[in-house]
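A, B, ... follow the sequence lines: proteins, then strands. Residue 1 opens every chain.
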Amino acid sequence: MRWSQAFIPTLREDPADAEAASHRLLVRGGFVRQLMAGVYSLLPLGRRVRTKVMRIIREEMEAIGAQEFVLPELHPAELWRRTGRYEVMADVLLTLEDHRGGELVLGPTHEEVFTLLAAELTSYRELPQLWYQIQTKFRDEPRPKSGLLRTREFTMKDSYSFDLDEEGLDRQFRAHYDAYVRIFRRLGLPAIPVVASSGAMGGSGSVEFMVPAAAGEDDVAHCPSCGYAANVERATSTLPAVEDGEGPAAPEAFPTPGVRTIADLEEFPGGAPADRQIKTLVYFLDGRATLVLLRGDHALQEQKLRDATGAVEVRPARPEEIRTLLGADAGSLGAVGVEDVPIIADLALRGRRNLVTGANVDDTHLRGVDVERDVAVSRWEDLRAVRAGEACPDCGAPLEVFRAIEAGHIFKLGTRYAEALGATVLDVDGKQVPLVMGSYGIGVERNLATIVEVHHDDKGIVWPVSVAPYEAVVTIVKVDDTDSWETGKRIYEELEALGVEVIVDDRDERPGVKFNDAELVGIPFRVTVGPRGLAEGVVELTTRATGEREELTVAEAATHVARLVEEGRRSE
RNA sequence: CGGGACGUGGCGCAGUUUGGUAGCGCGCAUCGUUCGGGACGAUGAGGUCGCCGGUUCGAAUCCGGCCGUCCCGACCA
């Protein structure tokens, strides 16, 4: 390719509305352009990288025996109603109507359609099956952001496994886990597998592959000592015991005028430290009022509440709802004596006594509360948000918490979809059993952007060779110098003949413009051809990642670069 | 959905407070001089000032409504 003919609209300045490094650099480097919020056009450079990301994913899927499909993006709404997800995913579902009034949805994922096809499986002899596709997904994200990291239309590799039993699912899950480790290694992404919440997918277990990055949207608790890693939506920690002392035989009310917060009550005479208070939150779970109890110094992890209860719609109660329910305002709430409302308490409150909590009377609190004696707890669950510095549940070392991008997610789904859509087979005993499913996703453009988040510097992108839009660029410093032109073109052609993906920068521009563009765009190897070097019979090779330069004779240049490219392709 | 900001040639911005008919830098075109790290000079093209309505002799500027985009939060296989 000749740069002079290529559409690579680089920008000299940063785009005004791009915050994340990947967003900024992909726009500046001429890889993408925004069409509307959360919807991007991929320009030739972006498309080249995307193709390479997909190729790596495809190779690793084929390597574990997956069969590629192409499924529709247009689905009948009816199918989504059958699994209940028309309602569960309503907030992200893009829906439309055809001319006959038929209700359609644009697929946000493909469990339903794949499972429908799997209903054609009839015998355990046909199992296991492993199916996948690389297809566009539509999700009406409430808040698209950070360029390609969170969009409303994107490409995803989604695969689905179908097995007779849990053991089969475990095998396929493990195969995917290993395949994902290889994929992220080849993409140059330092992804960490973490225990995750299954969210709206349902199912018995899931692992997210997280790449530490400031632009991430998830927090991961990680133990540097033993390697424990979990999304904070699932993470736990070991807490030091709190000494409560003996309490009275029954809770005692005491006036606390003006006390509204945990912190107020710590200061208030006769109050208590935060870890000896009970925090009482009122939530509506699918429309049903519920009290959520936590230790005073702990924060609720809402996803844990969702996962524990299976509730779809979870929201804090409004002030007037709280007053109606408990007869007091937030600040004086408690669960003592509450009987007609379900009470979910965090594990950290188990066995605690002599605690302080609201009395459900404004400006009044109770002391001497023994949780198990005085509160009608309906369920005990792990609900609190883990904090950095708390002890690792496995080894006790202090946990760290960092931001990360979810680059991939694998789920054990179980039989939920198979049951809803009648995907069953006959087992050895002739008994009809639902297929046991797994589902496994990697977002293509999100991974492309994540690579940029991880691999860039102040000059631009530093693509790993494995996904670079071009592996090498031949920069002709002075295009009207015949020797430079001839030599540059010859090296370019030699590189092409050697199978290197190369572009020749033949633009009549100042050298600085060409060097800067090559660095912005992130091409791994640059061969600089100019009169100065040619006078000595040499050209210059610059490695983008290290900035190292070396001189090569004209004769050896192409083979040398081709060898480096070859090594680069292999090492990632 | 709650909070905040913004919308002016392709890109980045000023002008809006105090209404008078649009400007700067980059980019683009032509010519000349330059040429190994984003050159210089000259000439030139390019804008319904997001949209609709109102106030006014006159609106980028004031008022109302709408649309769009970004950021924080909520939400999110």
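Side-chain proximity of A:Ala16 to B:rC76, B:rC11, B:rC13: nearest is B:rC13. When each of B:rC76, B:rG36, B:rC70 is scored by its nearest atom to the side-chain atoms of A:Pro511, the top-ranked nucleotide is B:rG36. With B:rU69, B:rC76, B:rG36 as the choices, the nucleotide that has an atom nearest any side-chain atom of A:Met36 turns out to be B:rU69.
Between the side chain of A:Arg549 and the base of B:rG37 there is at least one donor-acceptor pair of N/O atoms closer than 3.5 Å. A:Arg139 contributes no side-chain N or O that forms a donor-acceptor pair with the base of B:rC76 under 3.5 Å. If you check distances only, the side chain of A:Glu540 does reach the base of B:rG36 with a donor-acceptor pair under 3.5 Å. The base of B:rG2 is not paired with the side chain of A:Arg143 by any donor and acceptor separated by under 3.5 Å. A donor N or O paired with an acceptor N or O is not found under 3.5 Å between the base of B:rG37 and the side-chain atoms of A:Arg532.
A:Gln34 has its CD atom 19 Å from the P atom of B:rC6, to the nearest Å. Atom CG of A:Asp483 is separated from atom P of B:rC35 by 18 Å (rounded to the nearest Å). Rounded to a whole Å, the CZ atom of A:Arg315 is 13 Å from the P atom of B:rC75. If you measure from atom CD1 of A:Ile405 to atom C1' of B:rC76, you get 15 Å, rounded to the nearest angstrom. Between A:His409 atom NE2 and B:rC76 atom C1' there is a gap of 12 Å when expressed in whole angstrom units. With rounding to whole Å, A:Asp17 atom CG is found 11 Å from B:rC71 atom C1'. Atom CG in A:Leu148 sits roughly 13 Å away from atom P in B:rC70 (whole-Å rounding). With rounding to whole Å, A:Glu217 atom CD is found 10 Å from B:rC71 atom P.
Among the atoms of the strands shown, base atoms are found under 4.0 Å from some heavy atom of A:Arg28. Using a 4.0 Å heavy-atom criterion, one finds that A:Thr528 contacts the bases of the nucleic acid, with or without backbone contacts as well. Contacts of A:Asp480 with the nucleic acid, taken as non-hydrogen atoms under 4.0 Å apart, include base atoms. Residue contacts shown for A:Pro108 include a base, since a base heavy atom lies under 4.0 Å away. Using a 4.0 Å heavy-atom distance criterion, A:Glu302 is classed as a sugar-phosphate-only contact. Contact annotation for A:Val513: base contact, defined as any heavy-atom pair under 4.0 Å involving a base atom. Here A:Lys145 lies in heavy-atom contact (under 4.0 Å) with sugar-phosphate atoms only. Note on A:Arg33: nothing from the nucleic acid sits closer than 4.0 angstrom, heavy atoms only. If you check every strand for non-hydrogen atoms under 4.0 Å, A:Asp517 touches a base. Heavy atoms of A:Thr10 sit nowhere under 4.0 angstrom from any nucleic acid atom.
If you check B:rC66 for Watson-Crick or wobble pairing at under 3.5 angstrom, you find it paired to B:rG50. Nucleotide B:rG23 is matched to B:rC13 when pairs are restricted to Watson-Crick or G-U wobble geometry with both distances under 3.5 angstrom. A 3.5 Å limit on both hydrogen-bonding distances identifies no Watson-Crick or G-U partner for B:rC35. Pairing of B:rU43, defined by two Watson-Crick or G-U wobble distances under 3.5 Å, is identified with B:rA29. Base pairing analysis places B:rC76 opposite nothing; no Watson-Crick or G-U wobble pair with both distances below 3.5 Å involves it. Across all strands shown, B:rU55 forms no Watson-Crick or G-U wobble pair with both distances under 3.5 Å.
Nucleotides B:rC70 and B:rU30 are separated by 39 Å at their C1' atoms, to the nearest Å. With both ends at atom C1', the span from B:rG20 to B:rA60 equals 13 Å, rounded to whole Å. Nucleotides B:rG46 and B:rG53, compared at atom P, are 27 Å apart to the nearest Å. Taking atom C1' in both B:rU43 and B:rG37, one finds a spacing of 29 Å when rounded to whole Å. Here, B:rU18 and B:rA59 have their C1' atoms 14 Å apart, quoted to the whole Å. As rounded to the nearest Å, B:rU48 and B:rU61 have P atoms that lie 16 Å from one another. Separation of the P atoms belonging to B:rG73 and B:rC26 is 38 Å when rounded to the nearest angstrom. B:rG50 sits 16 Å from B:rU69 when the P atoms are compared, rounded to a whole Å.
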Exercise. Would A:Lys137 and A:Glu73 count as a salt bridge (charged side-chain N to carboxylate O under 4.0 Å, His left out) if you check the C-alpha gap in whole Å, the side-chain angles of each, and the deciding distance to 0.1 Å?
Worked result: CA-CA 7 Å; A:Lys137 311 291 178 190; A:Glu73 296 164 51; over 6 Å; no
For this session: Please lay out, stage by stage, how A:His560 and A:Glu550 fare under the test side chain to side chain contact (heavy atoms under 4.5 Å, CB included).
Result: CA-CA 11 Å; A:His560 185 80; A:Glu550 59 181 307; 3.5 Å; yes
For this session: Begin from the C-alpha positions of A:Val479 and A:Arg507 and carry the test side chain to side chain contact (heavy atoms under 4.5 Å, CB included) through to its verdict.
Result: CA-CA 7 Å; A:Val479 290; A:Arg507 292 176 297 169; over 6 Å; no
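Look at A:Arg12 and you won't find any side-chain N or O under 4.0 angstrom from OP1 or OP2 of B:rG10. Residue A:Arg510 has no polar side-chain atom (N or O) positioned under 4.0 Å from OP1 or OP2 of B:rG38.
Side-chain atoms of A:Asp170 do not come within 3.5 Å of backbone N or O of A:Gln172 as any donor-acceptor pair. A donor-acceptor pair under 3.5 Å is formed between the side chain of A:Lys304 and the backbone N or O of A:Ala235.
A:Tyr40 and A:His23 have perpendicular rings, their planes meeting at more than 60° on a 0 to 90° scale where under 30° would count as parallel.
Between A:Ser206 and A:His409, the shortest heavy-atom distance links the atoms OG-NE2, 2.9 Å. Nearest heavy atom pair, residue A:Phe284 against residue A:Ala317, reads CE1-CB, 3.5 Å.
With the nearest nucleotide of RNA chain B identified for both A:Pro531 and A:Glu406, A:Pro531 has the one nearer the 5' end.
Here the options are A:Tyr160, A:Phe114, A:Tyr132, the test is ring-ring contact (aromatic ring centres under 6.0 Å, His included), and the partner is A:Phe69; only A:Phe114 passes.
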